[in-house]
Colleague: 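Sending over a structure as structure tokens; questions will come in a sec.
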Amino acid sequence: MTGRIVVAGASMGGLRAAEQLRAAGWTGAITVVGDEPHMPYNRPPLSKDVLAGKAPFESLAFTPKASTADVEWRLGARVVAARLAERTVELDDGSALTYDGLVVATGMRPRRLRCPGPLAGRHTVRTLADAQALRAELTRPGTRVVVVGAGFIGCEVAATAVGLGVREVTVVDPLPLPMVGPLGELPARALLKRHEERAVRFALGTGVAGFEGNDRVTGVVLADGSVLPADVVVESVGSVANTEWLQGNGLDLSDGVLTDEHLRAGGHPEVVAVGDVARFPNARYDGVPRRVEHWSIPTDTAKHAARTLAAHLAGGAVELAPFAPLPTFWSDQHDFRLQSFGAPGLGREDVRVLDGEPDGDVLVGYHVGGRLVGVVALGGHAAALGAAKYRAHLLKQPALTA
């Protein structure tokens with residue numbers, strides 16, 4: 001094969017796309033463009049081991065497969081525009097790359113609060129630099145931390161901060177329970193109890209109206225007018241897909257890049273999307289396109305998208321079953337783990353305890369029409385193993401639309 005595939009994005013999704021393109025038989029040139037100066041690295045430890053000072057960067061870096069030794073890496077560069085009709089992307093240094101195939105792997109960035117007040121002292125956790133900067137502040141004696149957002153990252157950061165011995169940690173969220181959106185009420189209440197037992201405070205059912213302070217944050221003003229003293233604020237309020245560079249090409253970018261069942265973007269068979277920027281229908285469930293921000297998704301999407309793109313560029317038909325991954329995630333907090341397989345969010349109206357008790361190790365099942373669609377374990381190693389036992393069962397389940 002001749003020609004070039006450009007991979008826009010040099011995180012995990014970009015690396016896996018390059019590897020899978022070689023595995024799918026693409027022998028032409030591959031150029032990967034990414035705005036960070038580092039080779040791809042593992043992000044989940046940033047809010048845990050890196051923030052806690054237990055993991056150096058070298059332990060995070062992925063080891064590329066030998067098959068990608070000839071891949072060109074354009075690091076410290078960012079794709080800023082695309083002309084899909086001309087098969088060209090533009091970089092922030094003014095250069096342009098032409099391509100035969102394009103992989104969209106630009107991922108997402110943290111959403112920021114738009115509230116009055118100073119910016120200094122406010123952090124997000126997405127990159128290695130983010131984690132390093134936050135750690136430097138958390139290790140100062142007497143630090144008071146307010147985490148805005150009780151989702152995965154927010155709860156992980158709160159747990160890590162407590163482990164570092166900070167003076168005070170408070171989590172703020174407009175929802176009534178931490179992680180109630182993806183987990184539902186039963187596991188969320190169990191999670192809240194575990195965090196409170198380990199000295200994390202919560203201000204739930206309220207939002208942030210602004211920040212006090214002159215040069216830097218000294219307090220967080222809540223919607224009811226009360227103020228939480230804060231030396232450090234961590235904003236964990238969701239994500240925004242990095243799709244601005246694709247505007248003007250007729251794609252649906254309302255929430256990531258809308259793709260078909262083979263991860264092709266908007267009627268362009270030479271363009272595929274991978275990772276958490278892709279909004280794809282999952283044939284395992286209801287076929288509704290969704291973005292999925294789980295660690296397993298970059299690898300799963302890269303494998304399918306690479307086969308799709310390689311087949312198209314070779315002039316053949318795409319002879320693949322529709323994309324149907326089994327989402328998987330875990331979250332380490334304090335001394336316990338959340339482990340999930342499947343799609344709990346689809347079955348939050350029918351949640352049942354499968355094993356254990358909410359006050360201890362517990363395994364919870366999520367159902368749609370009586371059919372198990374996801375499991376979540378909360379607790380120690382045994383609970384996580386209990387969830388893993390259901391993986392094969394979930395893989396064998398017919399599609400919800402079947």
Colleague: Within the side chain of Asp361, is there an N or O that forms a donor-acceptor pair under 3.5 Å with the backbone of Gly356?
Modeller: no
Colleague: In this structure, is the centre-to-centre distance between the rings of Tyr390 and Phe341 below 6.0 Å?
Modeller: no
Colleague: Between Arg284 (side chain) and Leu395 (backbone), is there a donor-acceptor pair under 3.5 Å?
Modeller: yes
Colleague: Please report the shortest heavy-atom distance between Cys115 and Ala209, naming the atom on each side.
Modeller: CB-O, 3.9 Å
Colleague: For a 4.5 angstrom cut-off between non-hydrogen side-chain atoms, does Pro187 reach Val362?
Modeller: no
Colleague: Is the shortest side-chain N to carboxylate O distance from Arg74 to Asp93 below 4.0 Å?
Modeller: yes
Colleague: If you take all heavy atoms of Asn214 and Pro118, which pair is closest and at what distance?
Modeller: O-CB, 3.5 Å
Colleague: Taking the side chain as everything from C-beta on, heavy atoms only, tell me whether Phe152 gets closer than 4.5 Å to Pro182.
Modeller: yes
Colleague: Assess, by modelled atom type and distance only, whether the side chains of Ser239 and Glu293 contain a donor and an acceptor separated by less than 3.5 Å.
Modeller: yes
Colleague: Judged by modelled atom types alone, do Ser254 and Arg279 share a side-chain donor-acceptor pair under 3.5 Å?
Modeller: yes
Colleague: Is there a side-chain contact between Thr127 and Tyr41, using heavy atoms and a 4.5 Å cut-off?
Modeller: yes
Colleague: Tell me, do Phe336 and Leu191 make a side-chain contact under 4.5 Å, heavy atoms counted?
Modeller: yes
Colleague: Measure from the side-chain N and O atoms of Asn249 to the backbone N and O of Leu84, and report whether any donor-acceptor pair falls under 3.5 Å.
Modeller: yes
Colleague: Hey, is CD on Glu357 packed in by over 12 heavy atoms from elsewhere, all under 6.0 Å?
Modeller: no
Colleague: Look up atom CZ in Arg337 and atom CG in Asp332, then write down how far apart they are to the nearest 0.5 Å.
Modeller: 4.0 Å
Colleague: Can you list the steps and then say if Phe211 with Leu119 is a side chain to side chain contact (heavy atoms under 4.5 Å, CB included)?
Modeller: CA-CA 9 Å; Phe211 299 96; Leu119 294 175; over 6 Å; no
Colleague: Main chain of Arg264, side chain of Thr259: is a donor-acceptor contact present, judged purely on distance under 3.5 Å?
Modeller: no
Colleague: Hey, which of Arg111, Arg109, Arg112 is the one that makes salt bridge (charged side-chain N to carboxylate O under 4.0 Å, His left out) with Glu235?
Modeller: Arg112
Colleague: Tell me, do Asn282 and Pro325 make a side-chain contact under 4.5 Å, heavy atoms counted?
Modeller: yes
Colleague: Just how far is it from atom OG1 of Thr299 to atom CZ of Arg16, taken to the nearest 0.5 Å?
Modeller: 4.5 Å
Colleague: For Ala388, is there any backbone N or O sitting under 3.5 Å from a side-chain donor or acceptor partner on Gln339?
Modeller: no
Colleague: Measure from the side-chain N and O atoms of Asp49 to the backbone N and O of Ala55, and report whether any donor-acceptor pair falls under 3.5 Å.
Modeller: no
Colleague: Atom NE2 of His262 and atom CG of Leu320: how far apart are they, to the nearest 0.5 Å?
Modeller: 6.0 Å
Colleague: Mind checking what makes salt bridge (Lys or Arg N to Asp or Glu O under 4.0 Å) contact with Asp92, not counting sequence neighbours?
Modeller: none
Colleague: Please check this pair: side chain of Ser47 against backbone of Val157, looking for a donor-acceptor N/O pair closer than 3.5 Å.
Modeller: no
Colleague: Kindly determine whether Leu228 and Arg144 satisfy side chain to side chain contact (heavy atoms under 4.5 Å, CB included), including the steps that lead there.
Modeller: CA-CA 9 Å; Leu228 297 174; Arg144 295 166 300 182; over 6 Å; no
Colleague: Can you tell me how far apart CG (Asp100) and CD1 (Ile5) are? Round to the nearest 0.5 Å.
Modeller: 8.0 Å
Colleague: Please report the closest heavy-atom contact between Ala306 and Ala24, naming both atoms and the distance.
Modeller: O-CB, 3.9 Å
Colleague: A quick test of your reading: do over 12 heavy atoms of other residues, nucleotides or ligands sit less than 6.0 Å from NE2 of His381?
Modeller: no
Colleague: Taking all non-hydrogen atoms of both residues into account, name the closest pair between Ala52 and Leu164 and its distance.
Modeller: O-CD2, 3.9 Å
Colleague: Going from CZ on Arg371 to CG on Leu346, what distance comes out if it is rounded to the nearest 0.5 angstrom?
Modeller: 12.0 Å
Colleague: Tell me whether Asp215 at atom CG has more than 12 heavy atoms from other residues, nucleotides or ligands lying less than 6.0 Å away.
Modeller: no
Colleague: When you compare the side chains of Thr143 and Glu137, does any donor N or O come within less than 3.5 Å of an acceptor on the partner?
Modeller: no
Colleague: With side chain to side chain contact (heavy atoms under 4.5 Å, CB included) as the test, would you mind laying out the steps for Leu21 and Leu309 before giving the verdict?
Modeller: CA-CA 8 Å; Leu21 284 166; Leu309 186 54; 4.3 Å; yes
Colleague: Tell me whether the count of non-hydrogen atoms from other residues, nucleotides or ligands lying under 6.0 Å of CD in Glu86 goes above 12.
Modeller: yes
Colleague: Minimum heavy-atom separation for Ala10 and Leu75, please, with both atom names.
Modeller: CB-CD2, 3.9 Å
Colleague: Using 0.5 Å steps for rounding, measure from the SG atom of Cys155 to the NE2 atom of His334.
Modeller: 8.0 Å
Colleague: Test Ile30 against every option in Glu19, Arg4, Arg22 by the side chain to side chain contact (heavy atoms under 4.5 Å, CB included) rule and name the one that passes.
Modeller: Arg22
Colleague: Do NZ/NE/NH1/NH2 and the carboxylate oxygens of Asp130 and Arg43 come within less than 4.0 Å?
Modeller: no
Colleague: So Pro327 and Tyr285, do their side chains get closer than 4.5 Å, heavy atoms only?
Modeller: yes
Colleague: Can you confirm whether Trp295 sits close enough to Thr328 that some side-chain heavy atom of one is under 4.5 Å from a side-chain heavy atom of the other?
Modeller: no
Colleague: Given 3.5 Å as the limit, does a donor-acceptor pair link the side chain of Thr206 with the main chain of Leu222, or not?
Modeller: no
Colleague: Among Val351, Asp355, Val375, whose side chain to side chain contact (heavy atoms under 4.5 Å, CB included) with Val364 holds?
Modeller: Val351
Colleague: Would you say that Leu97 contacts Leu91 through its side chain, given a criterion of any heavy-atom pair below 4.5 Å between the two side chains?
Modeller: yes
Colleague: In terms of heavy-atom contacts, does NZ of Lys48 have more than 12 from other residues, nucleotides or ligands at under 6.0 Å?
Modeller: yes
Colleague: Strictly distance-based, threshold 3.5 Å: is any side-chain N or O of Tyr366 a donor or acceptor partner for the main-chain N or O of Leu183?
Modeller: yes
Colleague: Would you find a donor on one side and an acceptor on the other, under 3.5 Å apart, between the side chain of Thr301 and the backbone of Gly275?
Modeller: yes
Colleague: Charged N to carboxylate O below 4.0 Å: is that the case for Asp276 and Arg291?
Modeller: no
Colleague: Quick check: closest heavy atoms across Leu204 and Pro178, and the distance to 0.1 Å?
Modeller: CD1-CD, 4.1 Å
Colleague: What is the ring orientation for His304 with Phe323, classed by angle as parallel under 30°, tilted 30 to 60°, or perpendicular over 60°?
Modeller: tilted
Colleague: Go through the steps to decide whether Leu46 and Leu128 satisfy the test side chain to side chain contact (heavy atoms under 4.5 Å, CB included), and finish with yes or no.
Modeller: CA-CA 7 Å; Leu46 294 178; Leu128 178 65; 4.2 Å; yes
